[in-house]
Amino acid sequence: MRSFNFKIFVLIFFCTLFCYAQKENSTTHSNLVFFKNEQLIKELENIIGKKDTCQNNKNKFNWYVDFKENDYILVTQGKIANLMELNNYQEKAILSTVINNNVVFVVINKQNDLLFKTDFNIDLSNYVGKSVISFRDISAWLIKKDTQNCYHLVDSQIRKCD
């Protein structure tokens, strides 16, 4: 019986260590970055923080800028927990910046010369595994880089406020 209790103790001990290690590995940090391109900053400032984005303290959504293929950039809103769940961290990174007094998450799949990285991090571990179901239509803007490395708004879908 004593041997059985010892085996149970060892099993629980190693399970606890394994669960703790899994929790530690799921911790996510978002590096604080700044955009280098002034023209892109102006385009983002024209979009982020507008009064027609239906923000209020009750329904606070996070802004994010998602670098897509073929020099497209998607600017929209969502919950950070959902954004983290949708992105594979081996392929994409979620970075952070501030535009018009709003924290903005930047989703990028490779190093980009448009960004200046800092040594500051935001801990996002509280959002891991906490997706949010929302049926609210959210506005979206699409920016494209042209052949002269200038950024222009090429499309938008503006949703009416609730």
Listed by chain and number, what are the side chain to side chain donor-acceptor pair (under 3.5 Å) partners of Q39, not counting sequence neighbours? none

Dump the intermediate steps for side chain to side chain contact (heavy atoms under 4.5 Å, CB included) on I108 and L115, then the final yes or no. CA-CA 10 Å; I108 193 162; L115 303 172; 3.9 Å; yes

Before giving the answer on side chain to side chain contact (heavy atoms under 4.5 Å, CB included), spell out for V154 and Y72 the whole-Å C-alpha distance, their side-chain angles and the decisive distance to 0.1 Å. CA-CA 9 Å; V154 294; Y72 282 101; 4.2 Å; yes

Do L153 and N46 come close enough that some side-chain heavy atom pair is under 4.5 Å? no

Partners of K36 by salt bridge (Lys or Arg N to Asp or Glu O under 4.0 Å), sequence neighbours excluded? none

Other cluster members, F116 - Ile/Leu/Val/Met/Phe/Trp/Tyr, side-chain contacts below 4.5 Å: L32, F34, F120

Identify, with sequence neighbours excluded, every residue that meets side chain to side chain donor-acceptor pair (under 3.5 Å) alongside N121. N31

Return the CH2 to OG1 distance between W63 and T97, rounded to the nearest 0.5 Å. 14.0 Å

Minimum heavy-atom distance between T76 and S139, given as atom pair plus value: OG1-O, 2.7 Å

Test: salt bridge (charged side-chain N to carboxylate O under 4.0 Å, His left out). Region: residues 139-157. Which pairs qualify, not counting sequence neighbours? D71-K145

Checking I122 now: which residues fulfil side chain to side chain contact (heavy atoms under 4.5 Å, CB included) with it, not counting sequence neighbours? S30, S96, L124

Can you name the closest pair of heavy atoms from Y64 and G78 and give their distance? CE2-N, 3.9 Å

Looking only at non-hydrogen atoms, find the nearest pair between V104 and V65 and report the distance. CG1-CG2, 3.7 Å

If you measure from CD on E45 to CG on L40, what distance do you get to the nearest 0.5 Å? 10.0 Å

Hey, what do you get for CG (L142) to CG (D66), rounding to the nearest 0.5 Å? 10.5 Å

Check against side chain to side chain contact (heavy atoms under 4.5 Å, CB included), V75 and I48: CA-CA 8 Å; V75 180; I48 296 172; 4.1 Å; yes

Separation between CZ (F67) and CG (L74), nearest 0.5 Å, reads 11.0 Å

Atom pair CD1/OH of I143 and Y151 - distance to nearest 0.5 Å: 9.5 Å

I'd like to know if I73 and I99 are part of one continuous hydrophobic network [Ile/Leu/Val/Met/Phe/Trp/Tyr, side-chain heavy atoms within less than 4.5 Å]. yes

